[in-house]
Amino acid sequence: MVDAKSELAKVVGDPTATVAEINAAQQVLEDAVDDEKAKRDTTNEAAEDALTTASNSDQADEPAVIAAQNALQQAQANAANDAGTTAEIADATKALTDAIAQAKADQQAARDAAAAVDTAPVSNESGVKAAQTALDKVLADTGATVKEIEDATNALENAVDAANSDREAANAKADSAKLTAAGTAQANEPGVQDAIANLTALQNQAATDDANALTQDILDAITALQDAVTDAAGDQQEARLAADNALAQTKPVSHESATQDAMTKLQTLLADDSSTTADIQAATKALSQAVSDDTKVRTAANTAAASEIASAQNSTAANDAAVRDAVQALQDAVKTAASDSPDAVTQDILDRISDLKAAVTAAEQAQETKRSEATAILADDSETQPVTYEQATADAKVALQQVIDNPLATADDLQTAIDQYRDTATATRAVRDDAMTAGADAVTSAQNSDQSGDERVVTAIQNLQQVMATATSDSPDALTADIEAAISAVKQAQVDAAKSRAEAADLATAALQQTGPVTNEADVATARTNLQTLIDDPTSMEQDLKNAMTELATAVTAAKTDRTTTNNEANKAITTATNGDQSAAPAVQTAIQNLKDVMATAASDSPDALTADIATATAALQQAVADEDAAPVSNETAVASEINALQNVLQDPKATAAEITAAVTALQSAVQTDTGTRNTADDDAVTAIADAKNSSLQNEPQIKNAIENLNAIRERAAADSSASLTADIIASTDALRQAMTDVAQYQADARADATEAQQATTTDGTTVHPEIADSKAVSEDTQNALTDAVTALNDALNNPDTPYADIKTATDNVFEAGGKALTEAATPYSDNAAVESALATMQTTLADPDATAAEKHAAMDNLRATFADASAALTDAKTAAQDALSKTAPVSNETAVKDTADKLQSLLADPTATKTAIEDATKALNQAVADANTARDAANQAADKLADQAQQSAGSGDPAVVAALAK
């Protein structure tokens, strides 16, 4: 392709070349370019395949593979920038493939070494198991690196060594413990023998690498053997102490026969020094069992006694003297036996329980006989008829029943209640007889009076007779009090009948005077005529007068209600018109005065102004107001239509009052509806504006513009402009709310991007990442610029009213300052491929106007992540340099050595110095020191030889020679 370019340049530069020759040369160049592009594409495809294979392989994390991947990507980038060749890409691809193969072989070797580790006989010890598990987990990871496998293998080997050491120590301790136990007096005790056998078995089992026999198990078995020896030595002493303790704990059953026998046998054994531990333990056990058995029997007897006492005290016979004596006798027996006295044993308690049961049974039988007698008397109705349902009788019955129901009531209590019950029934009958006599007298008196034919008197007599008849049948519906009340009712009916007719006539005359101001309304006038006719007729009945008065009252009430309703509507219309914007209009003023005049005339009860006249004048006022009162909604469709309709009616000379009223009402309704809609829309607009001004978005330009536009529309609408209607207010309000929704999202996005910027540059939103803050390669100006940018971003975020555009600007400033700081921090690692690749990616991403904040954050984090390995390598280089500087003696002052040392120290003092520069300078210093040492050795050898010659010469004693040798 180079030759083709040269040839084309040659032809173009030849003034004699023809167009055909130029075109031919150009075609040759184009063909060469196409061939090279095809080779480049094929090579890049192979490179991408190799990169994909590497990334997906088990060797992806091996350092050599990562380095080869970075080199290949760099070769592709160089070629893409026309700074590299296709051949370089191919070579880098092969290097990557070779690196993967070598890493795979190294991994397998490490895995083979791991598998060869022998963990027996301590495979099951916790430390070994944990190390083995960790190694197995690494081996199970097909992508584990050689270093990870080797580290896990070493950890397992160390754990096995430690576990074997612990096992050997435990076995030695076990053998010593067994020898010690065998030499004690307790050597043949079964517990000791078992402990020795168990320890030996555990040692043998542990030697087979059994999971159930570990080093700790051996140590536990040693402790168990030592405990067994100690336990055996104290057994007999414990047996005698236990026996003494058992003898001291026989109360309160010491005098029960079984316990007495067991105590005697045990005391005999304790008195005999030849008694064995087993004999003492057996006798102690027998005594404890006897005490336990006798205690259980005693406890059962005491429980039975308590139960029987409670039963007796809770029984119906609790107050019986014989029962109380039996309870006391049983309580005394229980108390005496509890003191461990020979005067009362368990059998005595049982005997007293039997005595108490017998006393209770006898008392209950006597009690029940008297209760049955009282119950039979209570059930016999003849005892109380015909006053069974009188209150006194009912109370006595309840009192007797309460005594019957009282389980503690004695026979005497029951007999007293029976006597009181019968005495009450007798007294109540006497009162009933007196009432019946008075009732008969009242009936006779009423039937012979002047009012005997009055319906109320007749009804009262019939009621009294019915009550008396019902009372005779012993009914709860007719008591003595009912008879007395019915007698009073008959007497009152006579008095009422005498007064009724005169009172009715007076009331009728008064009613005629109380019909104003509706006297002349049609229904009222008719009712007045009917009532006056009945008053003037001496043959009229009281009820006729009452009925006619009711009709008049009904007519007056209806007329007054209609008048009040009409007056209220009229007053409402006057108030509305007077308070309205059109109150000063002449037509409205005339209509108001006319309505007031009609209402005043009607209030004087004049036949010239009735309720219908008030309604007509009210409609006329409403019409006048309607004509004037359509603003500010006169341009709304419905109102405009109704105004037009009203104008048509008013212009029609044939239009009736009803038609005018209907048109006015329709207009008022339209105005009311559209005004309500306008008010609702305006209130909603005010709410939306307040929400916007009170929100964190109040300073956003979009919100300010939307508020200004909405206010302008509201002002025009309030002026009744046809250019701004209710619909325009609603649309502008919706636009404001939509703007708030949109800007809120812009705010959220800006704050989310700001968080990415904070995380990319700081550890906690304020503290700059240590890779920047601690780097001496970052200039003070750059550090300050980043700190200022972070502070400015935090200030913007902390203010909820900060516009999103300001937050975005502050975010961009943080990314820019952070990118510059990281670029300077990467200076010492400019010879590290991973750092340089990440740096290039970050710079490209930060410069990309389409890159997201998350992408910028990720690119910056990726660059910082490469610093760790690069920093470690640089630190190693500096350490090696310091080591070399410390090893320059004895030639430190040789010119070459001093010059190279000074250069190296200068690099170490330079925060931007790279690992390569320091390593090269260290190598140069080591070489200078080696050369100087070689020259020094040669000079020393020559000096030694010359000194020997001088000392052997004839002039060796010459002072000048001696002085020279000393130097």
Pairs involving residues 769-796, ordered by first then second residue, that meet ring pair (Phe, Tyr, Trp, His ring centres under 6.0 Å) (sequence neighbours left out):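 For residues 769-796: none.
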Evaluate the side-chain proximity of [Y] to [X]: yes if any heavy-atom separation is below 4.5 Å, no if none is.
| X | Y | result |
| --- | --- | --- |
| V835 | F867 | yes |
| R678 | D674 | no |
| V814 | Q758 | no |
| E150 | V146 | yes |
| E816 | L846 | no |
| D742 | Q702 | no |
| E636 | L725 | yes |
| L793 | N813 | no |

Do you see a donor-acceptor pair shorter than 3.5 Å between the side chains of R716 and S721?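 No donor-acceptor contact under 3.5 Å links the two side chains.
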Please list, one pair per line, the donor and acceptor atoms closer than 3.5 Å that link side chains of residues 876-884 to other protein atoms, with sequence neighbours excluded.
residue	atom	partner	partner atom	Å
T879	OG1	T875	O	2.9
D883	OD1	K887	NZ	3.4
D883	OD2	K887	NZ	3.0

[X] side chain to [Y] backbone, donor-acceptor under 3.5 Å:
| X | Y | answer |
| --- | --- | --- |
| Q747 | P800 | no |
| S837 | A834 | no |
| T755 | R751 | yes |
| N81 | A83 | no |
| N794 | G765 | yes |
| T767 | D764 | no |
| T97 | T93 | yes |
| T762 | V768 | no |
| Q107 | A144 | yes |
| N679 | T675 | yes |

Could you list all the salt bridge (charged side-chain N to carboxylate O under 4.0 Å, His left out) pairs where at least one residue sits in residues 768-793, not counting sequence neighbours?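 Only E771-R864 qualify under salt bridge (charged side-chain N to carboxylate O under 4.0 Å, His left out).
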Among all residues two or more places apart in sequence or in another chain, which pass the side chain to side chain contact (heavy atoms under 4.5 Å, CB included) test with [X]?
| X | result |
| --- | --- |
| T53 | none |
| A95 | none |
| S732 | N709, L710, I713 |
| E48 | L51, Q76 |

Once rounded to the nearest 0.5 Å, what's the spacing between atom [atom1] of [X] and atom [atom2] of [Y]?
| X | Y | atom1 | atom2 | result |
| --- | --- | --- | --- | --- |
| T916 | L907 | OG1 | CG | 11.5 Å |
| I703 | S695 | CD1 | OG | 6.5 Å |
| S830 | E836 | OG | CD | 5.5 Å |
| D753 | T852 | CG | OG1 | 7.5 Å |

Got a sec, which residues hit ring-ring contact (aromatic ring centres under 6.0 Å, His included) with F815, two or more places apart in sequence or on another chain?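 Testing F815 for ring-ring contact (aromatic ring centres under 6.0 Å, His included), a comparison that skips the adjacent residues, returns none.
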Are the charged groups of [X] and [Y] less than 4.0 angstrom apart, N to O?
| X | Y | answer |
| --- | --- | --- |
| K104 | E62 | no |
| E700 | K704 | no |
| D151 | K147 | yes |

Which atom of S55 lies closest to which atom of A60, heavy atoms considered: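 Of all heavy-atom pairs spanning S55 and A60, the closest is O-CB, 3.6 Å.
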A113 versus T153, closest heavy-atom pair with distance: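 In terms of heavy atoms, the two residues are closest at O-CG2, 4.3 Å.
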With [X] via salt bridge (Lys or Arg N to Asp or Glu O under 4.0 Å) - residues at least two apart:
| X | result |
| --- | --- |
| K693 | none |
| D49 | none |
| D812 | K808 |

For residues 680-688, please give each side-chain donor-acceptor pair under 3.5 Å, one per line with the distance, not counting sequence neighbours.
residue	atom	partner	partner atom	Å
T680	OG1	G676	O	2.8
D682	OD1	R714	NE	2.7
D682	OD2	R714	NH2	3.4
D684	OD1	R737	NH1	3.3
D684	OD1	R737	NH2	2.7
D684	OD2	R737	NH1	2.9
T687	OG1	D683	O	3.0

For atom CD of Q108, decide whether the heavy atoms of other residues, nucleotides or ligands shown that lie under 6.0 angstrom number more than 12.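 Correct, the count exceeds 12.
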